[in-house]
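Structure, as structure tokens:
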Amino acid sequence: MSGPNPRTSKFRRPSGFTLLEMLVTLIILSIVTVVAFPSMREFNMGGAATAQANSLLGNLNTARAEAVKSATNVRVSAIGGDWSNGWQIAVDRDRNGIVEAPQGDRIITETGKARDNFTWTGVQDPSGAALTQFFYGPTGEIIQPTSGIMFMLKRTDPDTAPTKCKRVAIALSGRAESRRGEVSPCT
């Protein structure tokens, strides 16, 4: 003889969730979502800032390498006078700010605008004077202006602290490096 069949027994335990279990699960899920969302947004914004700073670094290295390879002057200039609109890199042999094909000038590359919620600023370091263009010389050094250069990528969120920025510094030697704003805030 065998025992009662659990499938046909009238004392079978119901399967599924109770209303209380489902409510507790939804409450826990909503708390985790509320806590995680701001952190995820910060993570995404930080990644976007890093990507833009790396893009600028790559373009600066391209400009410097072209100046050395061609043994000529290469200009990096803000499109429309605003770095947030992007930048143009061009061979500009006479450093007049104009691409003149008969002289051998040519555009190397142009970039697009900064991502939404970000702005680029370029200044002479350490004076802070605004900068709309600069030149690499034939040996890869900065020849105009005669000081280092600092680019700052700032977030436009009104509640963002000045330490949440990226900086790209270019020494007179032409060497560029990225720095976090936590070292020295972008103000």
Side-chain angles (χ1 to χ4, degrees), residues 31-70 73-92 107-137 139-187:
I31 291 171
V32 168
T33 302
V34 166
V35 170
F37 185 73
S39 299
M40 194 62 177
R41 185 174 186 284
E42 281 300 315
F43 180 76
N44 287 338
M45 293 296 275
T50 299
Q52 291 180 90
N54 288 343
S55 175
L56 175 61
L57 279 171
N59 287 156
L60 294 173
N61 287 332
T62 297
R64 185 177 186 207
E66 183 64 31
V68 172
K69 180 179 86 171
S70 301
N73 301 315
V74 172
R75 174 178 44 86
V76 180
S77 59
I79 295 177
D82 184 355
W83 294 104
S84 294
N85 292 332
W87 47 85
Q88 180 186 71
I89 300 172
V91 171
D92 190 355
I107 295 174
I108 298 168
T109 189
E110 284 187 353
T111 65
K113 297 177 73 162
R115 291 186 186 180
D116 290 341
N117 300 317
F118 290 96
T119 59
W120 276 109
T121 306
V123 296
Q124 296 179 35
D125 195 29
S127 72
L131 179 75
T132 58
Q133 69 178 10
F134 63 94
F135 293 87
Y136 283 101
T139 58
E141 79 286 1
I142 299 293
I143 56 174
Q144 186 181 339
T146 56
S147 64
I149 298 166
M150 180 68 63
F151 284 97
M152 294 169 282
L153 178 65
K154 300 177 189 176
R155 288 177 45 183
T156 58
D157 304 8
D159 59 342
T160 301
T163 57
K164 297 215 175 182
C165 69
K166 290 284 186 181
R167 300 178 335 145
V168 175
I170 309 170
L172 279 174
S173 65
R175 183 175 179 270
E177 67 180 4
S178 178
R179 301 177 182 163
R180 288 178 25 194
E182 293 171 8
V183 175
S184 177
C186 297
T187 55

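The analysis underlying the following values was restricted to heavy atoms, covering all of them including side chains, and did not include hydrogens, waters or symmetry mates.
- Interatomic distance, T119 OG1 to L153 CG, rounded to the nearest 0.5 Å: 7.0 Å.
- The distance from atom NZ of K113 to atom CG of D82, rounded to the nearest 0.5 Å, is 8.5 Å.
- Side-chain N or O atoms of S178 include none that pairs as donor or acceptor with a backbone N or O of V168 at under 3.5 Å.
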Sequence neighbours excluded and cut-off under 3.5 Å, please list the side-chain donor-acceptor pairs for residues 52-62, or say none.
| residue | atom | partner | partner atom | Å |
| --- | --- | --- | --- | --- |
| Q52 | OE1 | R115 | N | 3.0 |
| Q52 | NE2 | A48 | O | 3.4 |
| N54 | ND2 | T50 | O | 3.4 |
| N59 | OD1 | W87 | NE1 | 2.9 |
| N61 | ND2 | L57 | O | 3.3 |
| T62 | OG1 | G58 | O | 3.0 |

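- Taking OG1 of T156 as the start and CG of N117 as the end, the distance is 4.5 Å to the nearest 0.5 Å.
- For residues 52-70, the pairs satisfying salt bridge (Lys or Arg N to Asp or Glu O under 4.0 Å) are E66-K69, E66-R106, with sequence neighbours left out.
- With rounding to the nearest 0.5 Å, the separation of CG in D125 from CD1 in I170 is 10.0 Å.
- For W83 (side chain) and L131 (main-chain N/O), a donor-acceptor pair under 3.5 Å exists by modelled atom type.
- Under the 4.5 Å side-chain criterion, counting only non-hydrogen atoms from C-beta, N73 is not in contact with Y136.
- There is a side-chain donor-acceptor pair under 3.5 Å between R75 and Q88.
- In terms of heavy-atom proximity, A63 sits nearest to V76 at CB-CG2, 3.8 Å.
- To the nearest 0.5 Å, atom CD1 of residue I79 and atom OG1 of residue T132 are 12.5 Å apart.
- Here the straight-line distance linking atom CZ of F118 with atom CZ of R155 works out to 6.0 Å at 0.5 Å rounding.
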